[in-house]
Number of protein chains: 2
Amino acid sequence: MGISKIEKFTEEQNKVAALAKALAHPARVAILEYLFKTKSCVCGDIVEEIGLAQATISQHLKELKSIGLIKGSIDGTRVCYCIDENNWEQMNSILNKFISTKKTQKNQCC
Amino acid sequence: MGISKIEKFTEEQNKVAALAKALAHPARVAILEYLFKTKSCVCGDIVEEIGLAQATISQHLKELKSIGLIKGSIDGTRVCYCIDENNWEQMNSILNKFISTKKTQKNQCC
DNA sequence: CTTTATAATCGCAATATTACGATTAATAAA
DNA sequence: TTTATTAATCGTAATATTGCGATTATAAAG
């Protein structure tokens, strides 16, 4: 990719992009939906639900965890994953600020 | 990437992911912000504003256009880009449905 | 017709992502 | 202690993304 030029952009632009990237794969969208839907957020259940290999799911979980949208707690040999409600709210407001607060302006020129 | 397994996911999950992907680079976020901010949405102005090479900006514009968030109209040798208000609204509601309507549920298990 | 201005496209290099089998690490159960 | 169970990590293949220089296509201007 050449070098990604994040230094050319504002903190906020980079944050919006990073959050959007976390949602930019259907498997991660599905994982998040599943975590909202069910209480049994054990990794193995997610693997069954989504239908990708365990290694692949683990990688997606790692990404979601690294940006803070989910958190995991160890329970014996299992790991229980959950939405991180606080960070989810924060993401919600950052993305909303970007995609929602613009719409009042009217400057269609084409 | 192996093969991307979009057939394993719902229409809606793929749509959310595709829209998020369009926002998943700070240059595209910056372009969209700029198009909202100014009326002079000529390609050359965007190139100057963002500070990446013309070929690179053109590629980002193409991506934004292909998912429908912006549209361009030819004006002599120039091309004038604008937010596609209708599709923007649609994206707004699809992403909002995903990131906002979940928050009422409480099922923290870790 | 020739020149100029503008933006799209091509071709390439560097890097990132997605996916998975195999292995490893950690804990529980026997 | 040995043996499952579970999830993380490693290594690798296939593919996508990002970025840019060079070229091309198009239309305006001279």
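Labels below follow one simple rule: chain letters A, B, ... track the order of the sequence lines, proteins then strands, and each chain is numbered from 1.
A:Lys65 comes within 4.0 angstrom of nothing in the nucleic acid, heavy atoms only.
Between B:Val47 and A:Ala27, the residue whose closest nucleotide on DNA chain C is further toward the 5' end is B:Val47.
As rounded to whole Å, 15 Å separates atom P of D:dT6 from atom OH of A:Tyr81. The nearest whole Å value for the distance from the CD1 atom in A:Ile67 to the P atom in C:dT17 is 11 Å. Summarising the geometry, the separation between CG on A:Leu52 and C1' on C:dC20 is reported as 10 Å, rounded to the nearest angstrom. Separating the CD atom of A:Gln59 from the C1' atom of D:dG11 is a distance of 11 Å, rounded to the nearest angstrom. Across the protein-nucleic acid pair, B:Leu61 atom CG and D:dT18 atom C1' stand 14 Å apart, rounded to whole Å. Spacing between atom CZ of A:Arg78 and atom C1' of D:dT5 amounts to 9 Å, rounded to whole angstrom units. As rounded to whole Å, 14 Å separates atom C1' of C:dA7 from atom CD of B:Glu48. In this structure, A:Ile50 atom CD1 and C:dT18 atom P are separated by 14 Å, rounded to whole Å.
Residues passing the side chain to side chain donor-acceptor pair (under 3.5 Å) test with B:Gln13, sequence neighbours excluded: A:Glu33, B:Thr10. With sequence neighbours excluded, no residue forms a salt bridge (charged side-chain N to carboxylate O under 4.0 Å, His left out) with B:Glu48. For A:Asn87, the side-chain contact (heavy atoms from CB on, under 4.5 Å) partners two or more places apart in sequence, or in a different chain, are A:Asp84, A:Gln90. B:Glu12 meets the salt bridge (charged side-chain N to carboxylate O under 4.0 Å, His left out) test with no other residue; sequence neighbours excluded.
Here A:Glu89 contributes atom CD and B:Ile99 contributes atom CD1; the two are 10.0 Å apart, rounded to the nearest 0.5 Å.
The list of salt bridge (Lys or Arg N to Asp or Glu O under 4.0 Å) pairs with a residue in residues 58-70 of chain A, not counting sequence neighbours, reads A:Arg28-A:Glu63.
Here the side chain of A:Glu63 is nearest to one of C:dT18, D:dA8, D:dG19, namely C:dT18. For B:Arg28, counting side-chain heavy atoms from C-beta on, the closest listed nucleotide (D:dT6, D:dT18, C:dA19) is D:dT18. Counting only heavy atoms from C-beta on, B:Lys21 has its side chain closest to D:dA16 among D:dA7, D:dA16, D:dG19.
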Summarise protein proximity over nucleotides 21-30 of chain D in one line of letters, 5' to 3': B for base, S for sugar-phosphate only, - for none, counting protein heavy atoms closer than 4.0 Å. BB----BS--
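Taking side-chain N and O atoms only, B:His60 has no distance below 4.0 Å to OP1 or OP2 of D:dT17.
Salt-bridge annotation for A:Glu85 and A:Lys71: absent, with no side-chain N of the basic residue lying under 4.0 Å from a carboxylate O of the acidic one.
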